[in-house]
Each structure stands twice: as structure tokens, then as C-alpha cells.
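Right, one structure below, let's go through it.
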2 protein chains.
Amino acid sequence: MAKVLKTKDKILNAAERLFAEQGFEHTSLRQITSIADVNLASVNYHFGSKKALIQAVMERYHAAFMPALDAGLVALQAQGFNTTEDVLNCFVEPLLNLDRLNPNGTSIYLSLLGHAYSEIQGHLRRFTMHHFGHVIQRVLACIQQANPQLSAATIFWRLHFTLGATVFVQVSGQALSEIAEADFDERADAKDIISKLIPFLAAGIAAPVNGNPDLSSTLAQG
Amino acid sequence: MAKVLKTKDKILNAAERLFAEQGFEHTSLRQITSIADVNLASVNYHFGSKKALIQAVMERYHAAFMPALDAGLVALQAQGFNTTEDVLNCFVEPLLNLDRLNPNGTSIYLSLLGHAYSEIQGHLRRFTMHHFGHVIQRVLACIQQANPQLSAATIFWRLHFTLGATVFVQVSGQALSEIAEADFDERADAKDIISKLIPFLAAGIAAPVNGNPDLSSTLAQG
DNA sequence: GCCAAATTAAAACAGGTGTTTAATTTAAAC
DNA sequence: GTTTAAATTAAACACCTGTTTTAATTTGGC
């Protein structure tokens with residue numbers, strides 16, 4: 001008995017797919033309502049505006065991901081000692097479990113995050129920080145615990161490098177995966193990419209601040 | 001004697017600034033021509049289309065950056081042995097020298113690159129690969145030389161992680177720099193960000209493939 | 001079945017986009 | 001100085017965007 005979806009859910013499903021594929025700005029309401037097979041005006045009726053629809057799409061995933069991540073981080077903090085990879089590992093299961101929302105849930109969520117940051121979606125950043133800022137703070141604390149030698153500023157920058165690397169490969173994921181398949185006979189889904197990311201990111205976050213002193217002088221001259 | 005700029009150059013200067021700040025799609029021709037103080041139609045007269053204008057803007061920077069990078073890589077290859085940081089270091093001077101084109105040249109170029117990849121600008125990717133694909137190939141070869149234990153596929157993915165981290169912090173550069181200043185009293189320009197990036201990226205690229213075997217099993221269960 | 005509320009539908013709205021046209025001005029060549 | 005080409009201008013074009021309006025329809029409670 002295939003459940004008959006209400007208009008509101010048909011819109012959300014079509015929107016999350018298109019947003020993940022094309023970004024928020026490049027997806028029009030007419031495209032969404034056409035694929036969802038509903039009337040154009042129903043978006044504004046049910047959600048009020050496109051901006052509110054974007055937030056509703058993100059909220060379904062945030063609500064599934066953020067509490068799970070937070071619980072993992074709390075458990076990690078309780079055990080007293082941890083490594084950078086331990087912290088990153090806390091992200092894996094909550095991310096992979098997003099497949100329960102949607103068969104492509106993991107890559108959809110990461111793509112949405114990527115578009116939220118790379119497009120000018122200031123309202124999305126504020127929305128995320130307002131609702132889940134405490135989770136972000138806990139991530140920072142865990143990384144600090146794992147790397148007591150790093151300053152807060154260094155951790156701040158390195159976590160944004162981490163975010164950048166992650167969302168970039170997810171947003172470009174399909175294209176990159178096709179290249180990788182053609183060149184290396186190695187197709188990569190969201191899970192594969194995550195497993196490739198973690199050693200890279202863990203080493204980067206935990207790296208000594210001045211890996212090679214020669215470089216600093218080169219930069220100083222420049 | 002302040003040189004009087006021709007219309008074509010006034011357009012290029014206004015366009016590169018707005019493109020770097022707002023991205024390509026969010027910058028309208030009317031915005032460009034208004035700031036450049038030229039007529040709207042002159043863009044299509046001098047460049048043919050907005051797409052061609054975008055490529056012209058990129059080409060000024062590519063032409064200054066790519067040959068310089070390539071020369072540095074060739075010199076590195078000639079000396080037989082190199083490290084990952086050596087390779088990354090080849091990017092620094094060519095990037096910083098872009099300030100000769102424009103006081104903010106370095107961050108403009110990296111922002112343009114970021115927008116070129118994060119927006120759906122397929123024509124820009126093709127344009128870059130067509131003109132400078134051999135430079136990209138040389139980067140791959142140098143990284144392979146510095147890390148003989150890594151497979152070509154691993155290098156492929158890690159260089160895209162690298163690109164992602166780099167362009168993300170540049171595109172979000174201004175916002176991030178403001179946060180960093182507020183939280184850590186530490187303002188960061190393009191050069192500062194590069195110096196923070198290099199230890200992170202070098203450690204990530206050269207990281208062992210299975211940093212912590214426990215993680216692989218967690219991923220395998222997922 | 002009836003009525004009121006919720007929902008859907010078609011159409012128009014107001015504003016923005018890149019591009020093109022045709023007329024005018026500027027600049028250079030002879 | 002005249003002529004010819006290049007460059008600039010203002011206006012319109014065709015299309016797309018999110019949103020609103022008004023009317024028709026469906027739904028749920030009594």
C-alpha cells in the first residue's frame with residue numbers, strides 16, 4: 001500500500017532532491033512544483049516563501065543529524081581521552097543514518113550543507129547556528145581536547161578547512177565520482193568519500209602548526 | 001597622470017571585483033556596467049556575452065598564475081626529490097604575485113576559482129582544463145613523486161579535498177575573517193590564510209591511507 | 001446533506017535577467 | 001573637411017523569477 005503523499009510532503013521531497021542537485025538559487029519554484037506535480041501557488045500557501053521552504057528542507061535533516069552527533073560527542077567527552085579521528089568518527093554514523101530519511105540522504109544532506117555555505121544563504125547560517133550552535137561548540141571542545149597543543153584560532157580555521165573539503169567534494173560529488181570511475185575504475189558513493197576524507201582531515205587538523213619552517217620564511221618574504 | 005581606462009578595461013575591473021565578492025550568477029550586467037560607468041550594451045559589444053566576459057576575467061588571472069606555477073613545478077621536478085610541502089610551496093609565490101594585477105589579486109583569483117567550482121559553471125571547468133590541463137597534470141606528478149606510496153586515485157581525491165578547503169575559505173573569507181577577528185583578535189588576509197592552509201593540506205595529502213584501522217571497520221558496518 | 005474551513009487552481013503581477021536593435025555620437029583615415 | 005568605420009547610447013525584447021490574487025474545488029465536522 002504505497003502511501004499517498006500530501007502536497008506538503010511532495011513539495012519537500014522534490015525540493016530536497018533539486019536543491020541538492022542544483023543548489024538553492026538555481027532551483028525555481030516552478031521546477032519544484034512541476035516535479036512534485038502540485039500547483040505553483042501551493043509552495044507559498046504551505047510554506048509562506050521560498051526561503052521558508054529552504055529552511056524546512058534543511059530542518060528535516062538537521063533534526064535527524066544534529067542530536068545524534070551531539071550524543072556521540074557527549075559520550076566521547078565522558079570517556080576523558082580521545083583523538084582527532086575519534087571526533088571525526090562521531091560524524092560517520094549520524095551521517096550514514098540519514099539514508100533512513102531518503103536512499104541518498106547522506107549525500108543530499110552534505111550537498112545541502114555545501115550549497116548553504118557556498119551560496120549567499122546568510123539566513124541559513126544564522127538558522128543553523130541559532131538552533132544547533134551548542135553542537136558546533138561541542139565539536140570545537142572535543143577537537144581542543146584531542147589537540148591541547150593547538151590554539152582556539154588554529155582549530156577554528158582548520159575546522160573550516162575541514163568543512164570546505166567535505167562540502168566541496170559532496171557538491172561536486174557526482175562529477176568527481178564519474179571522473180574517478182573513468183580514470184581509476186573506482187566508483188565512490190557518499191560512504192566511500194567519507195572514508196577517504198577522514199584520514200586526510202584527521203592528519204590535517206592534528207598537523208604541527210609549522211610543518212616546515214622554510215615555508216614560513218618564504219611566506220614572510222612574499 | 002592617471003591613465004584613462006578604455007571601456008573594455010573598466011568593465012573587466014568592475015566585473016572581477018563583483019564576481020569575486022558575489023559570484024558570477026549573483027552579479028548582473030547592470031550592476032557591472034553601473035559601477036564601471038559604461039552603457040549596458042557595451043558588455044555584449046566588447047565581449048559578446050556574459051559567459052565570455054566571465055572567461056575573459058578568469059583568463060587575465062590564469063595567464064599570470066599558471067605559467068608561473070608551471071615553471072616552479074618544473075624546477076622542482078628537476079631537482080629529483082621533493083616533499084608535499086615543496087609542491088604546495090610552488091603555489092605560494094605565483095599566488096601572492098597576483099597582487100601586481102590588483103591589490104587584492106590573490107584573494108580575487110582564489111575567490112573566482114571557488115565560485116567557478118561551486119557554481120554550475122561547467123564551461124569554466126572545461127575552459128581551464130583545456131588551456132591549462134598540462135599544469136594540473138604536473139601537479140599530480142609532483143605529488144606522486146613526493147608520495148610514492150599513494151595510489152593515483154588517492155592523490156586524485158586528496159587534491160580535490162585540498163581544492164575544496166582552499167576555495168571554501170576564500171569564498172567565505174571575508175565572513176570568516178570577521179569572525180576570527182571578533183573571537184581571537186586575529187585578522188587574516190589572503191596570505192595569512194595560505195600560511196594556515198599549507199601545514200593542514202600537506203599533512204592531509206601525505207597522511208597514511210588508514211590512519212586508524214578501527215574507523216574502517218566502523219565504516220564497513222555502517 | 002450542509003456549511004464552513006482548508007486546499008487547490010489558473011491567472012496576473014511586479015520586478016529582474018541577458019540580449020538585441022536601431023539611432024547617434026566619436027574617432028580615425030584619406 | 002569629408003568619409004568610413006568604430007564605439008556608445010537609449011529603448012525595447014523575450015524570458016524567467018517569487019509572490020499575490022481571485023475563484024473554484026475539495027475536505028471534514030455536524
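Naming convention: chains lettered A, B, ... in sequence-line order (proteins, then strands); numbering from 1 in each chain.
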Between T27(B) and Q22(B), does the side-chain hydrogen bond (donor to acceptor under 3.5 Å, both in side chains) criterion hold? Intermediate values first, please. CA-CA 6 Å; T27(B) 302; Q22(B) 311 176 334; 3.2 Å; yes
Using 30° and 60° as the class boundaries, would you call the ring planes of F91(A) and F65(A) parallel, tilted or perpendicular? tilted
Given dT21(C), dT19(C), dT20(D), the nucleotide with the shortest approach to the side chain of N44(B): dT19(C)
Could K8(A) and F47(A) be counted as a cation-pi pair, given that NZ or CZ must be under 6.0 Å from the ring centre and within 45° of the axis? yes
Let me know the distance between CD of E25(B) and P of dC16(D), rounded to the nearest Å. 15 Å
Side chain of R30(A), base of dG18(D): donor and acceptor closer than 3.5 Å? yes
Rounded distance (Å) that lies between atom P of dC16(D) and atom CD1 of I32(A): 17 Å
Please state how far atom NZ in K10(A) lies from atom C1' in dA9(C), giving the value in whole angstrom units. 13 Å
Length of the line joining F47(B):CZ and dT8(D):P, which is rounded to integer Å: 11 Å
Kindly point out which of dT8(C), dT17(D), dT8(D) is positioned nearest to the side chain of S28(A)? dT17(D)
Should the pair F132(B) and H62(B) be assigned to parallel (<30°), tilted (30 to 60°) or perpendicular (>60°) ring geometry? tilted
Note: for V38(A) and S49(B) on DNA chain C, the residue whose nearest nucleotide lies more 5' is V38(A)
How many whole angstroms separate atom CG of N39(B) from atom P of dT21(C)? 16 Å
Choosing from dA6(D), dT19(C), dT17(D), which nucleotide comes nearest the side chain of Y45(B)? dA6(D)
How many whole angstroms separate atom NE2 of H26(A) from atom C1' of dT17(D)? 13 Å
Indicate, with a heavy-atom threshold strictly under 4.0 Å, whether S42(A) touches base, sugar-phosphate, or nothing. nothing
Of L40(A) and H46(A), the one whose closest DNA chain C nucleotide lies more 5': H46(A)
d(CG, L29(B); P, dG18(C)) in whole Å: 4 Å
If you measure from the Lys or Arg side-chain nitrogens to the Asp or Glu carboxylate oxygens, is any gap between E25(B) and K50(B) under 4.0 Å? no
Nearest-angstrom distance from the residue atom CG of L53(A) to C1' of dT17(D): 15 Å
Using a heavy-atom cut-off of under 4.0 Å over every strand shown, decide if T33(B) touches base, sugar-phosphate, or nothing. nothing
